[in-house]
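First the proteins, then the strands, lettered A, B, ... as listed; each starts at 1.
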Number of protein chains: 2
Amino acid sequence: MKRIVLIYGAALAGLIALLKYVEYRFLVRDFSLEVYIGVIAVLFMGLGIWAGPRLTRRKVVLIDPNFVLNEAELQRLGISKREHEVLDLIAKGHSNQEIADKLFVSVNTVKTHLSNLFLKLDAARRTQAIQKAKKLRLIP
Amino acid sequence: MKRIVLIYGAALAGLIALLKYVEYRFLVRDFSLEVYIGVIAVLFMGLGIWAGPRLTRRKVVLIDPNFVLNEAELQRLGISKREHEVLDLIAKGHSNQEIADKLFVSVNTVKTHLSNLFLKLDAARRTQAIQKAKKLRLIP
DNA sequence: GCCCAAATCATCCTTTCGGGTGAGGGATGT
DNA sequence: ACATCCCTCACCCGAAAGGATGATTTGGGC
């Protein structure tokens with residue numbers, strides 16, 4: 001962060017010095033102000049493009065705003081709404097019992113949904129189901 | 001993409017026109033070339049920062065090439081190299097036995113590593129550990 | 001009305017996980 | 001030499017997860 005500001009400052013200072021030096025030699029006669037401005041604009045736009053992500057990126061992305069559910073894949077695998085809910089909850093680290101409580105159903109029901117999910121996703125464990133579901137963009 | 005280029009072009013043209021218009025009125029007398037350059041630099045650096053992500057971002061990120069391990073967090077939690085390996089493998093959906101085979105150690109060892117991990121990550125289940133580790137960028 | 005998919009719940013049984021504890025060997029640093 | 005950390009392994013126990021199967025209910029579509 002501080003480094004970026006320093007680099008920006010140094011670039012600006014250097015450019016001004018360069019222009020000051022060059023101003024009374026060749027350029028003022030040969031090129032117009034528009035070219036000047038263009039060069040500076042391009043230079044600093046480039047710097048902005050380079051420095052932008054470094055200045056603005058957040059440390060941790062909690063929920064991905066770019067996530068779009070892959071409904072085609074969801075349908076292709078024949079995953080029902082309820083099964084998808086359960087899938088989402090195991091990915092968030094909940095146990096079967098917690099999911100049952102959250103959805104107001106019995107643990108057995110959750111287990112049934114999970115069994116069906118494991119078949120449809122060809123997974124042997126919940127962790128594997130999560131990994132595959134993420135790859136297929138069925139969950140964030 | 002094209003829109004961005006157009007906006008950039010329009011901004012540049014507009015600025016030049018503005019400067020051209022303003023040049024022979026107030027500014028040339030009141031402000032020096034350095035201020036000019038500074039204003040232009042700031043303006044276009046801002047434009048670069050704004051346009052940069054829009055020009056460079058990819059549509060879909062299959063495997064995140066931007067993943068950088070959060071080593072600070074890793075150290076803060078006191079997670080050892082071996083523990084981190086195990087963490088990575090459970091996130092890929094492997095069972096304890098599979099991990100043991102992969103790392104050429106006994107299942108008991110894997111379980112010990114996992115127990116320590118659960119303590120350090122404050123997790124009760126492997127799925128929860130995965131979820132937390134992802135949030136902390138300890139694993140991709 | 002009938003059919004079907006989805007959702008619900010249950011029972012039985014096996015495997016996997018997770019918690020607790022102890023313990024030995026190797027590397028590192030004081 | 002001693003302390004400390006990491007890695008390793010073992011044993012026990014209980015809880016959670018997973019597999020197989022069958023049954024009931026419910027809401028839409030034909």
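- When all heavy atoms of B:L121 and B:K132 are compared, the pair lying nearest together is O-CD, 3.3 Å.
- To the nearest angstrom, C1' of D:dC5 lies 15 Å from CD1 of B:I79.
- When the side-chain nitrogen and oxygen atoms of B:S80 are compared with OP1 and OP2 of D:dC7, one or more of them lie within a distance under 4.0 Å.
- The CG atom of A:L103 lies 5.5 Å from the CG atom of A:L89; values are rounded to the nearest 0.5 Å.
- Across the protein-nucleic acid pair, A:K81 atom NZ and D:dG28 atom C1' stand 13 Å apart, rounded to whole Å.
- Residue B:S106 is classed as a sugar-phosphate contact, given heavy-atom separations below 4.0 Å to backbone atoms only.
- Spacing between atom NZ of A:K120 and atom P of C:dA5 amounts to 11 Å, rounded to whole angstrom units.
- Listed here is the closest heavy atom pair of B:I130 and B:I139: O-CD1, 4.0 Å.
- By the neighbour-count criterion of 12 heavy atoms within 6.0 Å, atom CD of B:E71 is sparsely surrounded, having that number or fewer from other residues, nucleotides or ligands.
- Atoms NE2 and CZ, from B:H113 and B:F118 in turn, are 13.0 Å apart once rounded to the nearest 0.5 Å.
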Below 3.5 Å is the cut-off: list the nitrogen or oxygen pairs between protein and nucleotides 15-22 of chain D, distance only.
| unit_1 | atom_1 | unit_2 | atom_2 | d |
| --- | --- | --- | --- | --- |
| D:dA17 | OP2 | A:N96 | N | 3.1 |
| D:dG18 | OP1 | A:R126 | N | 2.8 |
| D:dG18 | OP2 | A:R126 | NE | 3.2 |
| D:dG18 | N7 | A:K111 | NZ | 3.2 |
| D:dG18 | O6 | A:K111 | NZ | 2.7 |

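- Salt bridge status for A:E98 with A:K92: absent, with no side-chain N to carboxylate O gap under 4.0 Å.
- Atom CD1 of B:I90 and atom C1' of C:dG18 are 12 Å apart (whole Å).
- Taking every side-chain heavy atom of A:V105 into account, C:dC9 is the closest of C:dA7, C:dC9, D:dC9.
- A salt bridge links B:K120 with B:E83: at least one charged nitrogen is closer than 4.0 Å to a carboxylate oxygen.
- For B:E85 and D:dT8, the CD to C1' distance is 14 Å, given to the nearest whole Å.
- Put simply, CZ on B:R125 and CD1 on B:I90 are 12.5 Å apart, with the number rounded to the nearest 0.5 Å.
- Out of D:dA10, D:dT8, C:dT11, the shortest distance to the side chain of A:N108 is found at C:dT11.
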Any protein N or O atoms within reach of nucleotides 24-30 of chain C? Criterion: under 3.5 Å, listing atom names and distances.
none

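- Taking each heavy atom of B:E73 and B:L138 in turn, the nearest pair found is CB-CD2, 4.0 Å.
- Using five terminal pairs a side, the axes of the helix from C:dG1-D:dC30 to C:dT30-D:dA1 at its two ends make an angle of 50°, given in steps of 10 degrees.
- Here the rule is side chain to side chain contact (heavy atoms under 4.5 Å, CB included) with B:R82, and of B:T109, B:L87, B:T112, B:V105 only B:V105 fits it.
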